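What follows is a set of notes on a single structure, which appears directly below.
All values derive from a computational prediction rather than experimental measurement. Each ligand, and each atom within it, is numbered from 1 in the order the structure gives. We number each residue from 1, following the sequence as shown.
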Amino acid sequence: MSTPDDPELQRGLEDVLVAETRLSDIDGEAGDLTIGGFPVAELAADATVEESVFLLWNDRLPTAGELDSFRADLAGRRAVDEAVHAVLERAADADRGAMDALRMGAATADLAGDADAETAARRLVACFPTVVAAYWRYRQGEDPVAPREDLGHAANYLYMLTGEEPDDAAVRGLETYLNTVIDHGLNASTFAARVVASTESDVVSAVTAAVGALKGPLHGGAPGPVLEMLQDVHEHGDPEGYVRETLEAGDRLMGFGHRVYRVRDPRAAVLSAAAERFYEAGGDGDFFETVTEFEDVAVDVLAEHKPDRRLDTNVEFYTAALLHGIGVPRELFTATFGVARVGGWTAHCLEQFADNRLVRPRARYVGAHDRTWTPVDER
Ligand code: ACO
């Protein structure tokens, strides 16, 4: 029995309620996700990124006029300072990964001197694609492509990556992805942002911390390895052998399992449908067949491997398939997740500021007591 003096240890804060939010709601048993009041499938299929971000920040959809001015405002904040370009170029030359570059870019977003939290939030959402795309161009030994204000948020991101205007299928596929993962309860990166915001620090600091949290393979770092796994199986066949070998080696199968869901992640359903549409419309259909076959085999073998813990497909599995099909390089998968999630992170910061309580949990001390100090020359 826990008491205030001796509370029960909640490793990983599992199931501990620490905030109220109106941004997204997860039912892990049923496999339902609601974002801004909409079932994820509905928002993902119909919204532009600008509408999703507006929805999270304002708790309602914009009118046509509001949407036009919101779009124009974000588009006008896409460019980043020359000094930021220099950092990104240096990051690319120094062989740093895209998430490191995104962290560096995010941290410079307050160079613009935005006066209030919502303007800083707008800047962060607007400039994330520019930071990732510029880093990628430098990494390829090419000049960055300047953002175009006449393109939507998703289309402009793809345009800055390649220098070519993307087709509608790619834009819709990316938009579906960005909407699907824009927010997801109190995941590790969102919690990191809220912890920083709760100290009454600023949005740029909070989002920079969130980028660091997203980088890890247990959170946002999985889709790159998922693609490698799928490509390996596509090339060599034998998905069952691959899964069994991975598990026998004591490794986790990337793209499966979730802290909250005990069924298939609903985002996997949205993204698999989007990927199917995309691949049917002219992608590598054979590769997509490998993907779906792998999922079926993996879920069966994981059930055998862990009969008492349902391990099903998580969002990262179809993220890898969809982003690969659209042409987003594997090295940018996690950073592209950040491009989406910054909408949620900033919304959580605004929510935290509006009803703040410093986040300050406790740790159970398991170290020594009453040690006697020994001067250094006597040790
Ligand atoms: N492959 C094999 N075994 C697994 C997997 C997996 N993907 N996931 C969980 N397990 C096993 C664990 O080894 C553990 O076994 P044990 O009890 O014998 O030690 C058991 O299932 C329970 O796992 P937990 O660690 O308690 O699960 P947790 O809730 O901490 O993990 C996580 C969730 C981190 C996502 C985990 O499932 C995992 O590592 N998956 C692979 C990485 C991945 O896909 N990450 C992306 C997550 S989605 C997102 O963050 C956006």
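The side-chain hydrogen bond (donor to acceptor under 3.5 Å, both in side chains) pairs that include a residue from residues 363-375 number zero, where partners must be two or more places apart or lie in different chains.
Protein residues with a heavy atom under 4.0 Å from ligand 1 are Pro217, Leu218, His219, Ala222, Leu247, Arg252, Leu253, Met254, Gly255, Phe256, Gly257, His258, Arg259, Leu302, Lys306, Arg309, Leu311, Asn314, Val315, Glu316, Phe337.
With sequence neighbours left out, Tyr279 forms a ring-ring contact (aromatic ring centres under 6.0 Å, His included) with Phe288.
Ring pair Trp345/Phe128 is perpendicular by interplanar angle, where above 60° counts as perpendicular and below 30° as parallel.
Hydrophobic side-chain contacts under 4.5 Å tie Val87 into a cluster, directly or through other members, with Met104.
For the 3.5 Å distance criterion, the side chains of Ser198 and Gln352 fail to qualify, holding no donor opposite an acceptor.
Between the Asn179 side chain and the Ala47 main chain, a donor and an acceptor come within less than 3.5 Å of each other.
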